[in-house]
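The next block holds one structure in the form of structure tokens; read it before the comments.
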2 protein chains.
Amino acid sequence: MRSGIKQVAEQAGVSIASVSHVINNTRYVSDEVKRKVYEAMEELDYRPNSAARSLRSQKSNTIGLIVPVLPSDTSNFFFMMVAQGIQYTLKQHGYHLLLSNNTTEQIEDEKEQIKLFNSKLIDGLFIASIAEDVGYLNDIVGSNYPVVFIDRNPTGYIGDCVLADGIGGAYEAVKTLILKGHHRIGLLTGELGITTSNERYDGYKNALADHDIPFDSSIVRMAESNLESGYESAKALLGEQKITALFIANNVLTMGAMKYIQERRIQIPAELAIIGFDDYDWTQITCPPLSVIRQPSYEIGVKAAEVMLERIEKPSTISEEYRLPTSLILRDSC
Amino acid sequence: MRSGIKQVAEQAGVSIASVSHVINNTRYVSDEVKRKVYEAMEELDYRPNSAARSLRSQKSNTIGLIVPVLPSDTSNFFFMMVAQGIQYTLKQHGYHLLLSNNTTEQIEDEKEQIKLFNSKLIDGLFIASIAEDVGYLNDIVGSNYPVVFIDRNPTGYIGDCVLADGIGGAYEAVKTLILKGHHRIGLLTGELGITTSNERYDGYKNALADHDIPFDSSIVRMAESNLESGYESAKALLGEQKITALFIANNVLTMGAMKYIQERRIQIPAELAIIGFDDYDWTQITCPPLSVIRQPSYEIGVKAAEVMLERIEKPSTISEEYRLPTSLILRDSC
DNA sequence: CTGAAAGCGCTTACAG
DNA sequence: CTGAAAGCGCTTACAG
């Protein structure tokens with residue numbers, strides 16, 4: 001049997017209370033007692049039982065994370081990088097990360113995950129919700145613990161949000177294209193409704209407006225975020241309209257569009273200049289290597305964890321939005 | 001305050017014991033009592049406190065996962081797919097997954113993670129260990145819970161292992177190349193020592209041997225698994241030796257090699273036939289789309305979880321190795 | 001400066 | 001067929 005705090009106290013010849021207090025540094029303990037406790041802990045290879053701890057203190061030191069990642073989805077790597085950043089930061093502070101992926105992209109599934117987490121007494125929740133309105137969190141979470149939204153900022157519930165600056169990123173991409181002399185700049189983006197798509201759309205429009213280029217809805221296409229749909233949309237757009245540059249506002253669509261463009265042997269950037277989204281390794285090995293807007297995914301995770309830790313320390317009824325800057329990685333496609 | 005089992009018992013007018021037994025289905029309870037308990041639980045929106053449960057039953061319903069994923073590593077998507085598969089399967093059985101990434105690829109870090117987990121009273125551990133010999137698990141884990149190794153089968157500790165059939169995968173790739181008429185088939189693989197690299201190396205050699213092609217060590221290269229090193233190794237190999245086909249035994253090296261090959265405008269498959277490793281989406285959009293050996297990553301996760309669940313049910317001192325078949329995805333690079 | 005003891009919310013022998 | 005009660009291993013007022 002593993003030894004508990006009682007055995008440690010016995011071995012050290014002090015009270016259980018003292019042992020607890022040296023472990024948690026929660027009241028003064030003389031150096032002499034401390035020494036004996038440390039010795040005893042060492043000798044017995046004592047590890048606090050966190051179930052008991054949680055039960056008593058109503059804190060679990062565990063935080064849940066829900067991300068939408070489909071089983072076959074090789075592309076939503078973004079969230080996995082965020083998860084890494086979160087986990088790394090949490091670890092430094094003695095917290096654990098409970099992972100849950102929403103494999104169906106249904107809101108019901110999302111709720112189900114949260115309920116599962118609830119039985120675990122989590123101290124906080126990170127969520128990349130697929131819903132625009134997360135009012136349902138009022139029932140399920142009900143301010144029992146802080147929630148930090150990542151990547152998307154839904155309405156209906158108060159929680160901090162950390163995400164990339166989609167407007168700025170899109171703006172920079174389009175502006176770059178304009179400064180290279182392009183006027184007919186197409187946009188291929190995810191379906192509107194989801195905040196990330198909306199923002200990138202706005203950035204696109206802003207950049208055009210600031211440079212006196214009229215907005216032409218016939219050269220912007222919304223597509224479901226998957227490879228096939230990126231392929232088809234690129235095909236349709238390039239077939240129907242004459243454009244000299246294309247900004248593709250997410251990584252899956254970028255991949256799909258590139259597939260079509262390479263099949264057709266469209267010369268990049270001579271016939272078509274391209275800026276894609278997300279700096280995945282593979283963007284270096286297309287022909288030519290792709291210029292992209294990089295999202296600081298790992299950093300988003302780190303920031304989200306920091307914000308969470310702070311909210312756990314001192315809860316609050318106001319919430320903030322943290323936007324991390326994107327950056328343009330210039331390669332040979334524009 | 002959230003209501004506990006006591007409130008439910010009161011509301012239902014039965015004993016705490018009965019409530020517990022209907023929740024856990026652990027002894028006969030009359031339909032009448034059951035009904036009242038369910039009603040009360042519903043009314044009070046009762047959720048069992050899992051900390052209390054764990055403390056009492058010495059079971060946490062939580063399993064840890066340790067994977068080596070570097071912060072900047074956009075390529076180790078493999079483990080994330082495995083994690084998805086594990087999490088999905090565990091969820092069906094009411095288990096939670098505690099995620100921990102070993103960001104340093106140091107064994108010390110690995111031990112540290114496990115110790116952290118130990119305080120949490122985990123019921124099992126999945127690990128893709130970076131060590132060849134995990135004898136240190138004897139001290140840290142000491143058969144307190146089952147461990148299931150994924151992707152790599154280290155020595156020094158008893159635990160089941162589920163991984164892809166690297167020998168078979170490599171064999172099939174090389175055999176395919178041979179049947180297409182190639183005799184000078186290069187190999188670019190990760191550094192030996194790690195079991196996955198060893199196996200793919202063996203598969204390569206077996207295929208050659210079975211087809212009476214002499215093994216030529218001058219056309220096989222081991223490289224550190226990163227993009228740059230894949231690039232450099234491809235450059236060196238192709239510069240020094242004349243080969244007509246190349247099997248690249250992991251995805252990062254594949255990416256690195258492809259970068260070099262595309263820069264040099266080496267015609268695939270005319271000048272060089274290629275089969276890569278891992279079926280990532282990006283392998284569809286290289287020029288030309290790449291033929292690859294697919295590893296069933298998600299399925300490995302599912303299988304690992306199933307094995308784990310079984311070991312938790314009935315512990316055992318013997319261990320098995322489960323090899324999931326790879327498959328050849330034929331595209332245009334060979 | 002330190003200890004004795006209550007109690008967190010469950011599960012599970014024990015008793016009837 | 002069901003209930004009363006011990007106890008899992010901690011934290012934390014309370015007391016001195």
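The phosphate of D:dC10 (OP1 or OP2) has no side-chain N or O of A:Ser50 nearer than 4.0 angstrom. When the side-chain nitrogen and oxygen atoms of B:Ser57 are compared with OP1 and OP2 of C:dT11, none of them lie within a distance under 4.0 Å. Applying the 4.0 Å criterion to OP1 and OP2 of C:dT11, one finds that B:Arg53 has a side-chain N or O inside that range. Side-chain N/O atoms of A:Ser18 include one lying less than 4.0 angstrom from OP1 or OP2 on C:dG3.
Under the salt bridge (Lys or Arg N to Asp or Glu O under 4.0 Å) criterion, B:Glu39 pairs with B:Arg35, not counting sequence neighbours. Partners of A:Ser297 by side chain to side chain contact (heavy atoms under 4.5 Å, CB included), not counting sequence neighbours, listed by chain and number: A:Phe78, A:Met81, A:Val82. Residues that satisfy the salt bridge (Lys or Arg N to Asp or Glu O under 4.0 Å) test with A:Arg27, not counting sequence neighbours, are absent from this structure. Taking B:Asn118 as the reference, A:Arg47, B:Ile114, B:Ile140, B:Tyr145 meet the side chain to side chain contact (heavy atoms under 4.5 Å, CB included) condition, with sequence neighbours excluded. Legend: residues meeting salt bridge (Lys or Arg N to Asp or Glu O under 4.0 Å) with A:Lys111, ordered by chain and number and at least two apart, are A:Glu108. Not counting sequence neighbours, A:Glu42 has no partner by the side chain to side chain donor-acceptor pair (under 3.5 Å) test. For B:Asn102, the side chain to side chain contact (heavy atoms under 4.5 Å, CB included) partners are B:Ile66, B:Thr104, B:Asp109, B:Glu110, B:Ile130, not counting sequence neighbours. Residues satisfying the salt bridge (Lys or Arg N to Asp or Glu O under 4.0 Å) test with B:Asp160, not counting sequence neighbours, are B:Arg311.
The stretch residues 22-30 of chain B touches DNA chain D through B:Arg27, B:Tyr28, B:Val29, B:Ser30, each having a heavy atom under 4.0 angstrom from the strand. Contacts of residues 31-48 of chain A with DNA chain C (heavy atom under 4.0 Å): A:Val33.
Salt bridge status for A:Arg323 with A:Glu321: present, with a side-chain N to carboxylate O gap under 4.0 Å.
Nucleotide C:dT11 holds its C1' atom 11 Å from the CD1 atom of B:Ile16, rounded to whole Å. Distance, A:Ile5 CD1 to D:dT11 C1': 8 Å, rounded to whole Å. With rounding to whole Å, A:Asn61 atom CG is found 14 Å from D:dC10 atom P.
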Would you list the atom pairs, donor with acceptor, under 3.5 Å between side chains in residues 9-18 of chain B and any protein atom, with sequence neighbours excluded?
unit_1: B:Gln11; atom_1: NE2; unit_2: B:Glu43; atom_2: OE2; d: 2.9
unit_1: B:Ser15; atom_1: OG; unit_2: B:Ala17; atom_2: N; d: 3.4
unit_1: B:Ser15; atom_1: OG; unit_2: B:Ser18; atom_2: N; d: 3.1
unit_1: B:Ser15; atom_1: OG; unit_2: B:Ser18; atom_2: OG; d: 3.4

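Nearest nucleotide to the side chain of A:Asn49, out of D:dC10, C:dT11, C:dG3: D:dC10. Closest to the side chain of A:Ser15, from the set C:dG3, C:dG7, C:dG9, is C:dG3. Considering only the side chain of B:His21, C:dA13 comes nearest among C:dA13, D:dC8, C:dC8.
Taking the nucleotide of DNA chain C with the nearest heavy atom to each of A:Val14 and B:Arg56, the more 5' of the two is matched to A:Val14.
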Determine which bases of DNA chain D form Watson-Crick or G-U wobble pairs with both distances under 3.5 Å, and write the result as a 5' to 3' dot-bracket string with | for other-strand partners.
|||.||||||||.|||
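Side chain to side chain, A:Thr195 and A:Asn153 fail the donor-acceptor criterion of an N or O pair below 3.5 Å.
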